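Since the structure comes first, as structure tokens, the remarks are kept for the end.
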Amino acid sequence: MGLLAAMCWGITDFLAGFNARAVGVRKAVFFGQALGFLIVSLILTVFPSIVRGAMAAPWSSWGSALLAALFTVSGTLALSRAFSVGQAAIVAPVVTAYGAVTALLSWLSGERLGTLQWPGLGACLLGVALTAVTFGERPPKSHAPRQALGFAVLAALLYGCGFWLQGRYALPALGVVPVLWLGYAVGLSSLTGALLRRPGQFSRPPLKHLGSLLGASLMNLSAFSAFSVGALQGSVAVVTVLSTLSGGIAAILGVLLFKERLNPVQWGGVGTVILGALILHLH
């Protein structure tokens, strides 16, 4: 499940930058959340027993799920913004640091970290710093490297907190589908309020972009589903760290398809972040 989540999120990350530049950050995220909400709502309608089981869960679990949803939707907005102003080959690996955030929160909440996990955390942080080195290069006019890096780091922090809350407190009590539904409901509600202030952003995106929007939404839903099932059935830490391999997938797609170029130090940063994720998994 962790590897499946990594694959789906890697494709989602790659499509996110294209969609954000084509139709705007909020609109791209809005249509993705709307489609996911409709699909999960249909599942709950067909299987009402899932709803009854979730309603019997304590309110504290619902509160944790709600807070986790707020973190993840904020992380999605930050990530989309990062991809819209920066290179996918830099942004995607930086976001994989959410695995280190989750591991750190687990340690602070009482879980002991092994000797290999500390070097893994350090490697992730070092990689983030290296990806910011540009040697005075002039990026394309549509790119703002420092701004993109800041949004990518923010997304990593938000995702790390959200996944930790979700895996530790929400999923065991509520189950996979209700947690997914609540996440999409919160995201859709938040974006609807923001877009109502600018009604023009509700316009239908051009037909030529519907395929990429649909693909990103389905891949994101598949990734969240795989992550939730893996966290519920196994170890939250292992599934989270495995899912961070999505950064490598997105970076490779960005280089191969968009012909993005990185300097040697930035390539070192990309590799260091991914190496940190692998070291964490070795534990």
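Everything numeric here is computed off the predicted structure, so don't read it as measured data. These numbers come from the heavy atoms of this one structure, side chains and all, not from hydrogens, waters or symmetry mates.
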Might you point out which heavy atoms bring [X] and [Y] nearest each other, and give the distance in Å?
| X | Y | result |
| --- | --- | --- |
| Ala68 | Gln166 | CB-N, 4.0 Å |
| Leu154 | Ala78 | CD2-CB, 4.1 Å |
| Cys8 | Ala223 | CB-CB, 3.6 Å |
| Ala231 | Leu171 | CB-CD1, 3.9 Å |
| Ala69 | Gly183 | CB-CA, 3.6 Å |
| Leu221 | Ser225 | O-OG, 2.8 Å |

Could you state the interatomic distance from [atom1] ([X]) to [atom2] ([Y]), rounded to the nearest 0.5 Å?
| X | Y | atom1 | atom2 | value |
| --- | --- | --- | --- | --- |
| Leu79 | Thr72 | CG | OG1 | 12.0 Å |
| Thr12 | Phe224 | OG1 | CZ | 9.0 Å |
| Thr76 | Gln33 | OG1 | CD | 6.0 Å |
| Arg168 | Leu105 | CZ | CG | 10.0 Å |
| Leu70 | Ser189 | CG | OG | 10.0 Å |

Applying ring-ring contact (aromatic ring centres under 6.0 Å, His included), can you list everything that pairs with [X], at least two apart in sequence or on another chain?
| X | value |
| --- | --- |
| Phe151 | none |
| Tyr159 | Phe163 |
| Tyr169 | Trp164 |

Could you list the donor-acceptor pairs under 3.5 angstrom formed between side-chain atoms of residues 38-59 and any protein atom two or more places apart in sequence or on another chain?
from	atom 1	to	atom 2	distance (Å)
Ser41	OG	Phe37	O	2.7
Ser41	OG	Trp181	NE1	3.1
Thr45	OG1	Ser41	O	2.9

Verdict with reasoning, Cys161 to Leu157, per side chain to side chain contact (heavy atoms under 4.5 Å, CB included): CA-CA 6 Å; Cys161 294; Leu157 292 172; 5.5 Å; no
Could you tell me whether a side-chain N or O of Thr102 sits under 3.5 Å from a main-chain N or O of Gly160, the two making a donor and an acceptor?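 Such a contact is found between Thr102 side chain and Gly160 backbone.
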Among residues at least two apart in sequence or on other chains, which ones pass side chain to side chain contact (heavy atoms under 4.5 Å, CB included) with Leu182?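 Listed in chain order: Trp62, Ala65, Leu66, Val186.
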Could you list the donor-acceptor pairs under 3.5 angstrom formed between side-chain atoms of residues 211-220 and any protein atom two or more places apart in sequence or on another chain?
from	atom 1	to	atom 2	distance (Å)
Ser212	OG	Asn19	OD1	2.6
Ser212	OG	His209	O	3.0
Ser217	OG	Gly32	O	3.0
Asn220	OD1	Trp9	NE1	3.1

